[in-house]
Amino acid sequence: MPVLALAQQCRVTPRDALGPFYVKGAPSQTELCASGSGGSQKLAVSGRVLGTPDCAALAGALVEVWQADSRGDYTQVGAKQDDPGCLLRASLRCDPEGRYSFRTVLPGEYPGRPRHIHYRVSAKGYATLVTQLYFARERGVADALVVKAVPKDGLLAATFDIMLARS
Ligand code: FE
């Protein structure tokens with residue numbers, strides 16, 4: 001592969017805001033809303049975590065994800081009662097090929113924010129990346145953070161690969 005094409009492919013994923021709703025230590029679960037109470041539109045997200053400079057697969061990378069439900073509400077906020085079957089948070093470990101995947105419901109919009117899923121991705125020897133996945137091009141959002149959610153077997157499927165910078 002030409003060097004230039006390789007360099008472009010291994011471009012570090014842009015950062016985005018952490019936001020106020022990150023909670024450390026989310027459960028290890030690939031189903032973020034098993035009860036289905038967070039919305040009716042099911043979503044499957046999968047991807048790989050890779051590292052610069054050579055796009056190496058980062059086996060064992062930690063992918064933390066958190067999102068709002070279809071109404072735009074987060075769990076573990078204030079005194080509100082949460083559905084433990086729909087925490088909409090997870091900590092995921094990448095497999096030997098750097099792959100991760102989870103199932104959830106499509107997040108809703110909330111005041112001032114388009115639909116998004118928050119990510120915090122960390123791996124030994126690499127700079128921790130905090131970012132967000134979006135479902136449509138948005139003003140002020142890097143194109144690299146926008147996924148195409150495609151209808152498939154009754155749900156939406158999206159792929160989101162993440163490139164970390166070596167620290
Ligand atoms: Fe948010």
Side-chain angles (χ1 to χ4, degrees), residues 11-51 58 61-94 98-123 126-152 155-165:
R11 202 170 273 176
V12 175
T13 302
R15 303 183 160 274
D16 203 340
L18 179 69
F21 304 123
Y22 172 67
V23 179
K24 201 178 158 144
S28 171
Q29 55 180 5
T30 55
E31 178 62 78
L32 277 59
C33 188
S35 74
S37 68
S40 55
Q41 178 58 70
K42 295 200 177 305
L43 171 71
V45 182
S46 60
R48 299 181 76 197
V49 178
L50 308 168
L58 300 187
L62 176 65
V63 177
E64 296 170 89
V65 289
W66 65 104
Q67 64 166 90
D69 65 16
S70 64
R71 295 177 301 272
D73 293 327
Y74 284 83
T75 62
Q76 301 184 332
V77 174
K80 173 173 65 71
Q81 194 79 28
D82 295 328
D83 172 3
C86 189
L87 208 53
L88 296 170
R89 297 174 179 275
S91 298
L92 309 159
R93 282 283 173 198
C94 291
R99 295 184 192 286
Y100 75 92
S101 63
F102 63 93
R103 282 174 170 255
T104 184
V105 293
L106 187 68
E109 298 172 12
Y110 57 89
R113 297 302 328 275
R115 296 178 203 281
H116 62 278
I117 297 177
H118 293 268
Y119 275 71
R120 183 180 186 278
V121 185
S122 48
Y126 293 83
T128 295
L129 177 77
V130 171
T131 194
Q132 300 180 31
L133 168 167
Y134 295 83
F135 297 89
R137 291 182 75 164
E138 309 288 349
R139 201 188 162 95
V141 169
D143 283 347
L145 301 181
V146 179
V147 299
K148 193 173 167 66
V150 180
K152 186 185 167 191
L155 49 76
L156 292 175
T159 303
F160 186 50
D161 293 335
I162 295 148
M163 186 75 59
L164 300 186

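Ligands are counted one by one from 1 in listed order, and the atoms in each one are counted from 1 as well. Values below: every heavy atom of this structure, side chains too, minus hydrogens, waters and symmetry copies. No experiment lies behind these values; they were computed from the predicted model shown.
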task: Under the side chain to side chain donor-acceptor pair (under 3.5 Å) rule, collect the residues that match up with Arg71, sequence neighbours excluded.
output: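 Scan of Arg71 (side chain to side chain donor-acceptor pair (under 3.5 Å), adjacent residues dropped) gives Asp69.
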
task: For residues Tyr100 and Val65, determine if any side-chain heavy atom of one lies less than 4.5 Å from a side-chain heavy atom of the other.
output: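 SC-SC contact between Tyr100 and Val65 ruled out.
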
field: Expected output: side-chain Gln132 to main-chain Leu145 donor-acceptor under 3.5 Å
entry: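 It does not hold such a pair.
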
query: Do Asp83 side-chain atoms and Gly85 backbone N/O form a donor-acceptor pair below 3.5 Å?
result: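 Yes.
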
Atom pairs and distances, side-chain donor-acceptor, residues 101-112, under 3.5 Å, sequence neighbours left out:
from   : atom 1 : to     : atom 2 : distance (Å)
Thr104 : OG1    : Gln67  : OE1    : 2.8
Tyr110 : OH     : Tyr74  : OH     : 3.3
Tyr110 : OH     : His116 : NE2    : 3.2

field: Nearby protein N/O/S atoms (those under 2.8 Å) for the Fe ion (ligand 1), with water ignored
entry: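 Atoms qualifying: Tyr74 OH, Tyr110 OH, His116 NE2, His118 NE2.
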
Would you give me the side-chain donor-acceptor pairs under 3.5 Å for residues 22-30, sequence neighbours excluded?
from  : atom 1 : to    : atom 2 : distance (Å)
Tyr22 : OH     : Glu64 : OE1    : 2.8
Tyr22 : OH     : Glu64 : OE2    : 3.4
Gln29 : NE2    : Arg89 : O      : 2.7

